[in-house]
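These notes concern the structure reproduced below.
What you see is a predicted model, and the numbers here were worked out from it, not measured in a lab. Protein chains get the first letters and strands the later ones, always in sequence-line order, with residue 1 at the start of each.
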Amino acid sequence: MALYIFRRLAFFLGALVASSVAIFLLIRAAGGNVAAIVLGRDASPDAIDALATEYGLDRPLAVQYLDWIGGMLSGDLGRSFRTNESVTDLVTSRLEVSIPLALMGLTLGLLIAIPAGIFAARNAGRPSGAFVGLLSQVGIAVPVFWAGILLSLLFGVHLGWLPTGGWTPWSVDPVQALRSLVLPVLSLGTILGAVMTRYVRSAVLDVMNQDYVRTARASGMTASQALLQVGLRNAALPIVTVIGLQMAELIGGTVIIEMVFSLPGLARMILANVAAREVIVVQSTVMLIIVFVIFVNFLIDMAYALLDPRTRRGR
Amino acid sequence: MSGADNAIEVRDLFVGNGDLTAVQGVSFTIPAGGRMGLVGESGSGKSMTALGIMGLLPAGWHVRGSVRHDGVDLVGQSDRQMSKRRGRTISMVFQDPLSALDPVRRVGRQVTSILRRHLDLSAAEAERQALDLFAQINLPEPARILRAYPHELSGGQRQRIMIAMALACYPQLIIADEPTTALDVTVQKQVLRILDAAVRERGSALLMITHNLPIIAAICDSVAVMYAGRIVEAGPVAQVFRTPRHRYTQGLLRSQPTMDNISFDAGARLPAIPGMVPPLTDLPPGCPFHPRCAAASALCRTRMPPFEGAPHGAACWHPADGAGEAP
């Protein structure tokens with residue numbers, strides 16, 4: 001078990017280093033002369049040099065990289081060129097939108113996908129199972145932004161029950177903040193749920209045909225008991241894996257949802273800063289998201305070890 | 001109350017899926033404490049007969065006929081009603097213990113959950129009984145094995161766990177479907193001996209499904225031979241094996257290696273039955289064995305022979321009679 005954790009941890013750290021180098025180089029490659037771009041066409045060479053010196057952009061790439069990573073590790077994500085705001089402050093104010101949006105979207109997705117997937121598997125070959133499969137296909141085919149626009153038209157414009165967009169911070173009015181998140185979470189969650197339903201269905205179908213489920217029935221469980229008490233724990237392994245893979249999709253989905261519902265979240269902030277050539281802001285925030293995704297996958301590896309005793313041998 | 005004296009009475013059992021019929025009118029009776037072997041090649045319908053009795057057929061398969069057991073007809077019982085019997089009055093040992101055990105639960109839990117479900121035992125009492133069971137089936141270090149996962153055990157140990165699960169509630173009937181086929185030859189005999197002793201000690205009846213005739217000869221008192229979904233010959237083991245009446249049984253017996261027919265000459269072969277088992281979707285008319293049978297006549301090609309004779313009967317128009325025909 002210790003060996004397994006150590007290996008996953010080593011892999012986790014390796015993935016972080018590799019992706020940080022990739023992000024750093026990609027942004028440098030795309031940016032050209034960062035200081036010149038930030039200051040615009042009319043800036044004097046002296047001003048450009050001054051900015052470059054101030055932000056250390058004239059140093060060798062390796063030094064810049066190590067400086068950036070060192071800052072990240074000590075909690076300093078750098079500062080904006082234009083406003084000189086600390087990236088840490090910029091990010092934290094956005095997380096109060098993005099984290100609830102992503103977590104609630106994921107939760108709703110699972111709340112839809114797990115029962116729907118089990119139902120579709122148990123009724124495979126019957127019209128009811130096929131109907132759930134069809135719904136899931138429709139959900140997969142519908143783009144998140146379109147689902148968001150439709151929901152906002154129905155509940156926001158026609159019925160007027162919920163805000164169609166905008167944001168009220170939690171500290172000002174928590175109820176209103178929650179109301180602003182309902183439609184975004186619904187759009188994100190139903191689409192994610194539709195995608196996950198397919199994975200849950202195939203995982204459950206696979207497990208239902210396993211010999212050990214038949215053994216459970218042969219030793220006195222009804223078909224439903226065998227599925228819920230024996231099958232589901234085994235089906236959890238592939239499902240948990242897919243949740244990890246869907247994390248990146250989920251964050252991609254929040255970008256679009258934040259645009260559709262004009263929520264001041266992390267994803268929209270990144271887009272705005274890409275447009276403004278805020279190299280440090282983009283680089284640090286994207287890195288934060290990468291850390292988050294890789295960390296979730298590390299946690300999933302740990303969950304795997306808890307769920308599947310065969311994994312613990314270290315392999 | 002003749003029904004209560006028998007562990008199981010199967011009458012005209014049909015098992016099918018749509019147009020496909022894997023078991024075509026199988027009938028047999030196993031008295032309480034009796035032991036019957038069910039032999040036949042792969043695809044002859046042995047396992048489908050067992051799963052049909054247990055009500056554990058894969059989705060899409062259905063069963064017809066009657067299966068009297070413990071005063072009721074198992075055919076037509078709901079899954080909930082059957083769940084109260086499975087593992088308690090009728091239980092099953094499967095072929096491959098690795099895939100038949102839950103990979104993510106400790107084997108102790110898998111055994112105690114049966115005891116707790118059927119006998120309503122406390123966790124502690126169930127664990128004590130599981131340890132007793134492990135001792136009965138000669139598992140070394142029962143306390144350690146109780147906490148082990150299936151992948152941590154050997155094949156022989158896993159199959160003994162399966163046997164312990166099947167025996168746990170002192171069932172009236174145990175169905176063992178090729179219980180030693182997936183095991184190393186060296187442990188087959190040991191596992192078989194343990195199964196034999198434990199079944200005997202409980203007085204349970206045994207339905208042993210195998211293609212291995214020496215196993216039947218060693219532990220069963222009656223035998224039924226299946227071919228293409230039908231029982232073609234049945235009777236007491238000694239009579240069927242010594243004076244087989246159906247040509248298929250004769251062929252099966254002849255194709256078993258014994259000390260007499262083992263040859264070390266290069267190119268020497270065991271006598272095999274010519275041809276192949278016909279696919280269920282394409283059974284020949286008449287007796288399904290006729291294309292492979294040396295004694296087949298015009299009658300065999302057109303009409304299915306009825307099963308005749310008791311206690312030793314066969315479904316054959318030209319049964320071999322007398323010891324002279326035996327191999």
Side-chain angles (χ1 to χ4, degrees), chain A residues 1 4 118-130 201-241 302-315, chain B residues 50-51 53-60 78-107 109-119 147-152 161-162 164-169 171 174-175 177 182:
Chain A
M1 184 71 183
Y4 175 78
I118 293 173
F119 179 85
R122 293 205 59 185
N123 293 287
R126 281 181 226 155
S128 55
R201 176 182 180 271
S202 70
V204 171
L205 263 184
D206 179 58
V207 155
M208 273 166 61
N209 292 320
Q210 294 293 323
D211 285 357
Y212 49 78
V213 171
R214 188 179 59 187
T215 307
R217 295 186 60 202
S219 51
M221 288 189 198
T222 61
S224 311
Q225 287 167 339
L227 180 65
L228 296 176
Q229 293 174 28
V230 173
L232 270 198
R233 186 161 168 207
N234 282 281
L237 299 168
I239 294 173
V240 159
T241 309
M302 295 299 108
Y304 231 95
L306 289 181
L307 288 168
D308 188 351
R310 288 164 298 186
T311 318
R312 290 176 217 157
R313 277 195 296 186
R315 257 190 295 164
Chain B
L51 294 176
I53 292 170
M54 292 290 289
L56 291 176
L57 289 166
S78 70
D79 187 43
R80 180 161 295 280
Q81 289 167 317
M82 280 303 284
S83 73
K84 298 198 170 72
R85 308 203 154 270
R86 292 189 208 115
R88 181 167 194 175
T89 63
I90 183 167
S91 66
M92 190 156 172
V93 178
F94 293 96
Q95 177 170 344
D96 181 359
L98 181 57
S99 63
L101 289 169
D102 182 353
V104 302
R105 277 198 309 163
R106 295 178 200 277
V107 296
R109 278 275 315 280
Q110 301 189 42
V111 177
T112 53
S113 70
I114 297 175
L115 291 162
R116 299 190 61 184
R117 184 173 318 112
H118 287 311
L119 307 181
R147 312 249 166 276
Y149 288 98
H151 72 271
E152 296 168 333
I161 298 289
M162 284 295 301
M165 288 167 67
L167 293 168
C169 300
I174 295 172
I175 302 177
D177 187 1

message: Counting heavy-atom pairs closer than 4.5 Å to chain A, which one of R86(B), M54(B), M92(B) comes out on top?
response: R86(B)

message: Please classify the contact between L51(B) and chain A as side chain, backbone, both or neither, with a heavy-atom cut-off of under 4.5 Å.
response: side chain

query: Taking S83(B), A59(B), A166(B) one by one, which has the highest count of heavy-atom pairs under 4.5 Å against chain A?
result: S83(B)

- prompt: Given that the side chain runs from C-beta out, which part of M82(B) has a heavy atom under 4.5 Å from chain A: side chain, backbone, both or neither?
  reply: neither

Top contributor to chain B contacts, counting heavy-atom pairs under 4.5 Å, from V213(A), N209(A), V230(A): V230(A)

- request: For chain A, find which of G60(B), P103(B), A168(B), G87(B) contributes the most heavy-atom pairs closer than 4.5 angstrom.
  value: P103(B)

- request: Output yes when a side-chain donor or acceptor of R214(A) lies under 3.5 Å from a complementary backbone atom of A100(B), and no otherwise.
  value: no

task: Answer yes or no: is there a side-chain heavy-atom contact under 4.5 Å between I161(B) and Q110(B)?
output: no

statement: Note: A236(A) and L307(A) closest approach over all heavy atoms is CB-CD1, 4.2 Å

Non-hydrogen atoms of A182(B) and D96(B) that approach each other most closely: CB-CA, 4.1 Å

message: As an exercise, state the distance from CG of D79(B) to CE of M221(A), rounded to the nearest 0.5 Å.
response: 12.5 Å

query: Can you check whether F119(A)'s main-chain N or O pairs, donor with acceptor, with N123(A)'s side chain at less than 3.5 Å?
result: yes

- prompt: So which part of R117(B) gets closer than 4.5 Å to some heavy atom of chain A, the side chain, the backbone, both or neither?
  reply: side chain

